[in-house]
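Accompanying notes for the structure given below.
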Amino acid sequence: MELRPSDTALVTGASRGMGVLIARALAERGVNLALLARSADALEDVARTLRDETGVRVSTFAADLADTAALPEVWARVEAEVGSVDILVNNAGLEGAQHFPEASVEDLARMVAVNLTAPMILTRLVVPGMIERGRGHVVNIASIAGLLPSAYEEPYNASKFGLVGFTRSLRLSAEDDGWGVGASAVCPGFMADTGMYDDMTREFGVRASRLMPQSPAAAIGPAVISAIERNRAEVIVMKGAPRAVVALAAATPRTFERISARFDLAGVFRSVARARRIG
Ligand SMILES: NC(=O)c1ccc[n+]([C@@H]2O[C@H](COP(=O)([O-])OP(=O)(O)OC[C@H]3O[C@@H](n4cnc5c(N)ncnc54)[C@H](OP(=O)(O)O)[C@@H]3O)[C@@H](O)[C@H]2O)c1
């Protein structure tokens, strides 16, 4: 879809991390913004900066995506304030590296609610308007963890594989039923400079394996813009040859497990899970 300065994007998880970079990339193209996260003050700071620097209209919505039953009411607030939404970026997400047998039932439910159920519900709420107008795009920020498994990441892998599967199905329905709406899964690898992996490196001193090299977080904005403009199915934001590894893992999961052991792909999350166990 061609971006227009009159477009409006709803971006979740825009109070910090990569959501801010995504919001900025859209604002720099003249797109008006509705920003959503729990932290009202941080959202307002981001909104003020983007208004001052780009001149677009920016509204903020403080909401907890884990409260999925409240999402229709949240959407009603967004629609009442900004009108129709042309672009939905489901970016908010939680990470949760830990020893699975020790995860609480609440941890598992919360991860799936924020990373998978909320994006599906928001899409369900936003897409009818897009179909009516015959124009719109949904970007789901999944992860390389939505295409490749990792030890110590069961609920995160489950939620991100789910988000990739949801996006693939949505694209097929949009095409088959003639909606005129695009959808993309954007799958970052380890992103440096800001965001949850950057937090992990500073808190736990971990380093990504050379098979999964880290990428600059600045790559996320252009990846999202290109996903929208070219209606790309899946964009992997990662250096190296991730597509080859993903293809191998899909074709022969056992071979991928051997490669994972050889390059110690579990290393980052093993260290974090152990540190969290010790507390
Ligand atoms: N950073 C990476 O290396 C990396 C790699 C692969 C995929 N990803 C994915 O990229 C997306 C953004 O990650 P990030 O690294 O920027 O993470 P981050 O720095 O931890 O930021 C997460 C954002 O999501 C919001 N959020 C979290 N829980 C929420 C909830 N219950 N309700 C509403 N908002 C919530 C946070 O805002 P509040 O706390 O204010 O609510 C924040 O704005 C995520 O989906 C993540 O899985 C990141």
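Source: prediction; values computed, not measured. Both counts, for ligands and for their atoms, begin at 1 and track the order of listing. Values below: every heavy atom of this structure, side chains too, minus hydrogens, waters and symmetry copies.
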[atom]: which protein heavy atom is closest, and how many Å away?
atom: atom 48 (C) of ligand 1; answer: M18 CE, 3.4 Å
atom: atom 46 (C) of ligand 1; answer: M196 CE, 3.5 Å
atom: atom 45 (O) of ligand 1; answer: N91 O, 2.7 Å
atom: atom 42 (C) of ligand 1; answer: S15 OG, 3.6 Å
atom: atom 27 (C) of ligand 1; answer: R38 NH2, 3.6 Å
atom: atom 20 (O) of ligand 1; answer: R16 NH1, 2.9 Å
atom: atom 3 (O) of ligand 1; answer: M191 N, 2.9 Å

Q) Is there a donor-acceptor contact under 3.5 Å linking the side chains of R38 and S15? A)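 Short answer, no.
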Q.
I'd like to know if the side chain of E28 pairs up with that of T54 as donor and acceptor (distance under 3.5 Å, no hydrogens or angles considered).
A. no
Go through ligand 1 atom by atom and flag the ones less than 4.0 Å from a non-hydrogen atom of [X].
X: V114; result: 31 (N)
X: K160; result: 44 (C), 45 (O), 46 (C), 47 (O)
X: A14; result: 43 (O)
X: R110; result: 31 (N)
X: A92; result: 24 (O), 25 (C), 26 (N), 34 (N), 35 (C), 45 (O)
X: G195; result: 14 (P), 15 (O), 16 (O), 19 (O)
X: D64; result: 30 (C), 31 (N), 32 (N)
X: S39; result: 38 (P), 39 (O), 40 (O)

Q: Verify side-chain contact (heavy atoms from CB on, under 4.5 Å) between T123 and L170, making sure each step is shown before the conclusion.
A: CA-CA 10 Å; T123 304; L170 193 71; 3.8 Å; yes
Q: Answer yes or no: is there a donor N or O on one side and an acceptor on the other, between the side chain of S209 and the main chain of L211, under 3.5 Å?
A: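 Checked: pair present.
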Q) Is D7 reaching over with its side chain to a backbone N or O of D86, donor-acceptor style, under 3.5 angstrom? A)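 Pair absent, no side-chain N/O of D7 close to backbone of D86.
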(Q) Parallel, tilted or perpendicular: which one describes the rings of H99 and Y152, with boundaries at 30° and 60°? (A)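 Judged by the thresholds at 30° and 60°, the geometry between H99 and Y152 is perpendicular.
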If we only consider heavy atoms of [X], is any one of them less than 4.0 Å away from an atom in ligand 1?
X: A118; answer: no
X: G189; answer: yes
X: A63; answer: yes

Q: Starting at CG of L148, measure out to CD of E153 and round the result to the nearest 0.5 Å.
A: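 L148 atom CG to E153 atom CD measures 12.5 Å (nearest 0.5 Å).
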Q. Does the N or O separation between D199 and ligand 1 drop below 3.5 Å for any pair?
A. no
**Q.** Sidechain N-carboxylate O distance under 4.0 Å for R171, D176
**A.** no
Q) Given V89 and T12, is the side-chain contact (heavy atoms from CB on, under 4.5 Å) satisfied, shown in steps? A) CA-CA 6 Å; V89 184; T12 71; over 6 Å; no
